[in-house]
Amino acid sequence: MTDQAPPPPAGDLPSGYDPAAVERKWQERWQAEGTNSPDLANGKDPFYALMMFPYPSAEGLHVGNLFAFTGNDIHGRFQRLQGHTVFQPFGFDAFGIHSENYAIKVGIHPGELIPRNIDNFRRQVQRTGLMVDWRHELSTTDPSYYKWTQWVFLQLYKQGLAYKKAAAVNWCPFDKTVLANEQVIGGACERCGTMVEQRFLEQWFFRITDYAGRLLANLESLDWSDSTRTAQRNWIGKSEGAEIEFVVLDVLEFAGSATASAGLSGEVAVSTTKVRVFTTRADTIFGATYLVLSPEHPLVHSITSDGQRDAVEAYLARAAKQDLVTRKTSKEKTGVFTGAYATNPATGQPIPIWIADYVLMEYGTGAIMAVPAHDERDHEFATIYGLPIVRVIGGEDAANSQIGDAAFTDTAHCHLVNSERFNGLSVEDGAAAIVTELAARHAAIPVVNYRLHDWCISRQRYWGPPIPITYCDACGVVPVPEDQLPVLLPPIDDFRPDDSGVSPLARHAEWYHTTCSSCGGPARRETDVSDTFLDSAWYFLRYPSSDRDDVAFDAALTKRWLPVHSYIGGNEHAVLHLLYSRFVTMVLHDAGFIDFEEPFTRFRAHGMIVREGAKMSKSKGNVVNPDDYITQWGADAFRTYLMFLGPYEEGGDFRDKGISGVKRFLDRLWRSVQDARTDGDVEPEVQRKLHQTIRKVGEDIPRLSYNTAIAAMMEYMNTMRSGERRPHVDEVRPLVQLVSPFAPHIAEELWSVLGHTTSVFDAGWPAYDPALLVESTVTMAVQVGGKTRGTITLARTGTQEDAMAAALADPAIAKFVTGAPRKVIFVPGRMLNIVV
RNA sequence: GCCCGGGUGGUGGAAUCGGUAGACACAGAGGACUCAAAAUCCUCCAGCACGAGAGUGCUAUACGAGUUCGAGUCUCGUCCCGGGUACCA
């Protein structure tokens with residue numbers, strides 16, 4: 001192992017502090033006394049402190065997991081010290097392709113592997129001393145959990161929000177499996193390197209797009225990290241524009257002259273075929289010189305002219321074979337002419353209709369009006385294929401210049417040109433006026449489009465909850481009745497995917513063939529399992545009710561504990577997990593199961609930790625193993641160090657030697673309690689610093705500013721123990737309380753040494769006295785002409801005159817005051833600036 | 001490309017409202033204690049210049065402008081690093 005923790009402080013515990021013994025003792029006691037298990041039904045002031053549950057990998061807990069959990073634990077413990085009943089549950093997100101692929105690799109069934117991994121994770125988390133209520137532990141792979149995941153599916157189905165449609169998936173012909181987008185590297189399968197193809201398979205989808213508007217609008221009122229809200233906003237991608245109809249010209253009468261657009265007029269009949277396009281730039285319609293359809297567009301075959309048919313078919317075949325990732329990332333523009341024309345409704349002129357794969361079927365209408373003068377992609381395409389480029393937007397001083405090598409995409413302070421009666425209008429007014437006029441002719445309609453797609457939840461895989469649907473020849477699609485849940489995942493020895501493109505579940509004949517719950521006749525089970533994102537889209541609802549087998553979640557408990565008061569997790573889930581959770585919550589709200597529609601009142605994203613400036617990875621061999629550090633330094637020191645190494649929401653740099661500073665602090669705390677005296681009085685200077693520290697730590701923790709809270713406690717320690725000073729017990733006791741969220745075991749131990757018989761976490765939070773915070777004199781900076789030249793000490797209530805007198809009395813300052821001050825700026829208690 | 005973060009000593013990082021830049025800690029140097037070491041405690045620790053010294057001056061928060069009595073903090077432009085996203089019409 002290259003990632004050895006540095007040696008622990010040598011010697012034989014000079015301070016008497018033995019973290020291993022202390023931590024074992026208190027973990028056992030918490031367990032025995034149920035310290036971390038709140039009374040969910042009656043506890044006052046509920047506070048639900050949730051962290052994102054982990055995927056239990058075989059490698060064990062990553063230090064990044066612990067960083068996340070510890071930050072949540074500190075926040076939860078602090079809330080408890082403020083008088084809340086805090087519920088901090090823990091669970092495992094253990095279904096999915098990662099587990100399955102790993103199981104295939106090592107040749108052990110996931111049903112055997114996962115419980116092992118979970119045991120190891122639980123052991124590691126427990127060692128860390130999190131205030132977790134283990135009575136409510138859950139695993140998504142447990143039938144008593146996924147029974148209710150299937151129930152959630154049925155609720156969406158009942159609401160008409162689950163439907164089936166054919167959709168493209170990545171298919172590796174060698175591995176005979178469906179791949180997620182992230183498993184396709186440069187068009188090839190990440191495992192075997194075979195070029196990936198696309199296949200169309202029937203898949204189950206959730207209509208999350210129906211909720212796009214609400215998911216977007218609610219973001220405004222959520223107390224979430226701004227970066228997370230922005231990411232969601234961008235992902236939903238609202239864009240306002242218009243759908244415009246272009247009537248296709250009937251060219252049958254002159255097959256063979258497909259390229260001669262000049263010869264079109266007068267000889268063509270107007271057909272009833274119309275192409276609908278979506279555009280956000282209706283103002284540029286006079287510059288729309290051609291249309292482009294996506295290769296999958298339904299009109300492609302019917303409008304293609306005989307002369308172009310071979311070329312079009314060839315293009316479609318090539319597009320169909322290409323994998324999804326390559327198609328979406330490749331920037332080269334390719335396309336083919338259909339031979340058909342449509343009338344530009346603004347100019348009345350015929351324009352050619354092309355097919356190109358840069359137009360995506362799943363967005364908008366799958367067709368665009370191309371304006372090469374003002375859109376980069378259209379410009380590139382038009383340049384390659386020699387299509388006309390007509391400028392219709394003028395800038396402030398470039399109104400008449402030609403379009404050169406690049407599209408002109410500015411809109412601010414621009415106006416329409418070459419657009420007949422719309423000339424001179426601003427971009428915004430022009431778009432509105434054109435849409436209004438086309439709408440009057442029934443050729444356009446204002447439309448809002450979202451980038452967000454419906455959520456594909458089908459996985460042609462083994463390791464997931466079966467989708468609770470059956471197919472009956474007589475009754476069609478029949479959902480499994482709720483009282484027949486769960487549909488158990490059958491044990492299958494060979495769970496590898498095969499060439500068929502359907503889930504391995506289809507090979508289990510006994511399971512696959514069932515009876516129709518509606519007519520009693522023969523039926524077949526749906527063989528797809530659901531996406532792991534569905535498992536995690538509702539788990540927060542399950543935690544408080546995890547011991548209930550008759551309902552997914554108890555109504556009263558849910559009302560009491562949800563929405564989640566505080567949710568902490570990584571920004572890598574900023575979009576999908578959080579969005580899906582919000583969606584499922586909204587649906588359950590609309591179905592009347594819960595009375596809130598947003599699951600997480602407050603969300604904060606934590607940062608990432610790196611090690612010695614480099615990202616941690618197995619291949620670099622620089623992964624921090626929490627077990628090593630906890631063994632050598634103790635969980636308390638490890639937790640506190642993780643929180644000290646940088647701002648929690650930004651992450652930090654784990655430097656191996658840094659932990660010694662935190663350990664020294666805990667050693668010093670230990671000795672301070674042993675050395676504390678009960679005679680005499682507290683010292684006013686120390687007392688003031690104490691009260692300042694209580695305030696600072698109490699303000700920093702809710703802001704997740706853990707690193708500065710720890711620094712403040714260290715500062716206080718330096719004051720209290722300055723020069724081996726023997727502290728008064730009243731100076732030490734509150735510090736034990738302040739430290740307790742960070743280093744809970746040592747705090748409990750010292751709290752009991754100080755004579756308390758109950759948990760420090762039931763002792764409340766120390767109060768500070770505002771009157772004791774202020775000092776009678778203040779040190780103020782004195783500037784001359786804006787440059788700091790010295791300081792003066794002044795009574796707190798000192799006036800500007802006092803300050804001036806004191807400043808001028810100091811020759812080091814006075815020497816810069818060369819003449820009568822032109823201006824004096826005085827900020828009471830802070831600074832004085834003399835401008836000469 | 002676009003969208004978010006970020007850039008401060010040898011290092012990780014402080015500076016909450018525009019008001020003494022570098023808290024706290026690591027590393028380093030020196031000292032006390034000790035036969036010695038460890039542990040502990042104390043002192044020093046941005047750069048440059050001048051000074052025997054106490055000290056004094058100047059320059060410093062990626063770079064360049066700007067606003068202001070005063071900018072790490074606000075505005076504009078540029079560069080670099082990290083994360084997310086990818087032809088979204």
Side-chain angles (χ1 to χ4, degrees), chain A residues 9-15 225-228 230-231 233-235 237 239 241 277-281 292 325 327-333 356-360 362-371 375-378 380-381 449-453 571-572 574-575 605 607-608 610 612-613 615 641 644-647 649-662 664-665 667-668 671 696 699-700 703 705 707-708 710-715 717-718 721-724 779-791 812 822-825 827 829-836:
Chain A
D12 42 338
L13 304 168
S15 65
S225 300
D226 277 339
S227 60
T228 311
T230 304
R233 218 173 275 129
N234 293 342
W235 189 263
S239 73
V277 305
F278 174 72
T279 180
T280 56
R281 293 294 306 276
V292 188
V325 176
R327 174 164 166 190
K328 284 196 167 189
T329 50
S330 129
K331 293 282 182 221
E332 264 166 71
K333 299 277 177 297
D357 67 1
Y358 79 92
V359 175
L360 309 174
E362 62 269 23
Y363 186 75
T365 60
I368 61 160
M369 63 176 211
V371 184
D375 180 279
E376 283 170 25
R377 297 152 301 179
D378 298 343
E380 195 188 329
F381 190 80
N449 249 319
Y450 294 95
R451 202 195 79 114
L452 183 68
H453 296 165
N571 235 347
E572 68 272 18
V575 176
M608 284 208 330
V610 297
E612 311 282 349
K615 211 189 230 179
Y641 178 54
F644 183 61
L645 49 74
E649 290 175 82
E650 282 162 44
D653 191 354
F654 191 101
R655 296 170 60 258
D656 293 356
K657 286 180 173 164
I659 193 169
S660 62
V662 164
R664 235 188 301 267
F665 169 72
D667 282 334
R668 248 178 142 186
R671 276 183 279 115
K696 169 94 176 137
E699 285 172 356
D700 282 355
R703 293 192 293 126
S705 189
N707 57 334
T708 55
I710 295 165
M713 292 188 284
M714 288 174 164
E715 267 189 76
M717 177 69 80
N718 290 342
R721 305 274 2 227
S722 165
E724 296 274 79
T779 304
M780 284 174 53
V782 179
Q783 299 180 344
V784 180
K787 276 189 203 276
T788 303
R789 296 300 185 180
T791 58
R822 283 194 291 131
K823 192 174 175 184
V824 175
I825 289 120
V827 183
R830 305 216 83 153
M831 54 78 64
L832 174 75
N833 187 3
I834 303 163
V835 185
V836 289

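Any value given below was found using the heavy atoms of this structure, including those in side chains, with hydrogens, waters and symmetry copies removed. Proteins get letters first, then strands, A, B, ... in listed order; numbering begins at 1 in each.
- Side chain of N234(A), nearest nucleotide from A86(B), C3(B), G83(B): C3(B).
- Rounded to whole Å, the separation between the C1' atoms of G64(B) and G5(B) comes to 23 Å.
- The phosphate of A25(B) has neither OP1 nor OP2 within less than 4.0 Å of any side-chain N or O from R668(A).
- Atom pair E649(A):CD and G5(B):P shows a separation of 12 Å (rounding to whole Å applied).
- S225(A) has no side-chain polar atom (N or O) that falls below the 4.0 Å cut-off from OP1 or OP2 of C4(B).
- If you check C26(B), G13(B), A25(B) against the side chain of R655(A), the one that comes closest is C26(B).
- At least one test fails for K333(A) against the ring of F381(A): distance under 6.0 Å to the centre or angle within 45° of the axis.
- Relative to the side chain of Y358(A), the nucleotides C87(B), A89(B), A14(B) differ in distance, and C87(B) lies closest.
- Counting only heavy atoms from C-beta on, T230(A) has its side chain closest to C3(B) among U85(B), C3(B), G12(B).
- Applying the 90° criterion around 0 to the glycosidic angle, C17(B) comes out syn.
- Spacing between atom CG of D653(A) and atom C1' of G10(B) amounts to 14 Å, rounded to whole angstrom units.
- For E376(A), the CD atom sits in a loose shell: 12 or fewer heavy atoms of surrounding residues, nucleotides or ligands are nearer than 6.0 Å.
- Looking only at side-chain heavy atoms (C-beta outward), N571(A) and M608(A) stay at 4.5 Å or farther from each other.
- Between S239(A) and A89(B) there is a side-chain N or O to OP1 or OP2 distance below 4.0 Å.
- Set against G19(B), U20(B), C26(B), the side chain of T788(A) has U20(B) as its closest nucleotide.
- The heavy-atom pair separating E649(A) from S225(A) by the smallest distance is OE1-OG, 4.0 Å.
- Looking at the side chain of K657(A), the nearest of the listed nucleotides U85(B), A27(B), U16(B) is A27(B).
- Among the duplex regions that RNA chain B forms, those built from at least three successive Watson-Crick or G-U pairs under 3.5 Å are B:1-7 with B:79-85, B:10-12 with B:24-26, B:28-32 with B:40-44, B:46-50 with B:55-59, B:62-66 with B:74-78, ordered by first number.
- Nearest-nucleotide positions on RNA chain B for S705(A) and N449(A) put S705(A) closer to the 5' end.
- Atom C1' of G1(B) sits at a distance of 26 Å from the matching atom of U75(B), rounded to the whole Å.
- Side-chain atoms of T365(A) come within 3.5 Å of backbone atoms of A367(A) as a donor-acceptor pair (strictly under, hydrogens ignored).
- Only the P atoms considered, G19(B) is 38 Å distant from A29(B), to the nearest whole Å.
- Across the protein-nucleic acid pair, F654(A) atom CZ and U11(B) atom C1' stand 15 Å apart, rounded to whole Å.
- When all heavy atoms of H453(A) and E362(A) are compared, the pair lying nearest together is CE1-CG, 3.4 Å.
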Report the C-alpha separation of D667(A) and R664(A) in whole Å, then their side-chain angles, then the decisive distance to 0.1 Å, and conclude whether the salt bridge (charged side-chain N to carboxylate O under 4.0 Å, His left out) test is met. CA-CA 5 Å; D667(A) 282 334; R664(A) 235 188 301 267; over 6 Å; no
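- For A39(B), the OP1/OP2 oxygens have no side-chain nitrogen or oxygen of R664(A) closer than 4.0 Å.
- Relative to the side chain of L360(A), the nucleotides A89(B), A14(B), A27(B) differ in distance, and A89(B) lies closest.
- The same atom, C1', is picked in G12(B) and in A23(B); the two are 13 Å apart, to the nearest Å.
- The CD atom of E650(A) sits 17 Å away from the P atom of G84(B) (whole-angstrom rounding).
- Nucleotides G10(B) and C48(B) have their P atoms positioned 10 Å apart, rounded to a whole Å.
- For the OP1/OP2 pair of U40(B) and a distance below 4.0 Å, the side-chain nitrogens and oxygens of R721(A) include no atom meeting the criterion.
- If you measure from atom CZ of R789(A) to atom P of A21(B), you get 11 Å, rounded to the nearest angstrom.
- Between the side chain of Y641(A) and the backbone N or O of F654(A), no donor-acceptor pair lies under 3.5 Å.
- Look at NZ on K615(A): it is 8 Å from C1' on G83(B), rounded to the nearest Å.
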Using a cut-off of under 3.5 Å, enumerate the N/O to N/O pairs linking the protein to nucleotides 67-70 of chain B.
residue	atom	partner	partner atom	Å
C69(B)	OP1	K823(A)	NZ	3.4
C69(B)	O2'	N833(A)	ND2	3.4
C69(B)	O2	N833(A)	ND2	2.3

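- Remark: side-chain polar atoms of N833(A) are paired, donor with acceptor, to backbone N or O of G786(A) under 3.5 angstrom.
- N707(A) and P647(A) make their closest contact through ND2-N, 3.4 Å (heavy atoms, listed as atom of the first residue, atom of the second, distance).
- Protein atom CG of N718(A) is 12 Å distant from nucleotide atom C1' of C42(B), rounded to whole Å.
- Judged purely by atom type and a 3.5 angstrom limit, D653(A) uses its side chain to pair as donor or acceptor with the backbone of G613(A).
- Distance check on atom C1': G7(B) versus U78(B) gives 14 Å, rounded to whole Å.
- When the nucleotides G57(B), C4(B), A15(B) are ranked by their closest atom to the side chain of S227(A), C4(B) comes out on top.
- In terms of position on RNA chain B, the residue among V782(A) and T228(A) whose nearest nucleotide sits closer to the 5' end is T228(A).
- Comparing U16(B), C41(B), A89(B) by their closest approach to the side chain of E724(A) singles out C41(B).
- When the C1' atom is compared between A52(B) and C58(B), the two are found 22 Å apart, to the nearest whole Å.
- Put simply, NZ on K333(A) is 12 Å from C1' on A89(B), counting in whole angstrom units.
- Set against A89(B), U20(B), U16(B), the side chain of D700(A) has U16(B) as its closest nucleotide.
- Taking the C1' atoms as reference points, G66(B) lies 28 Å from C2(B), given to the whole Å.
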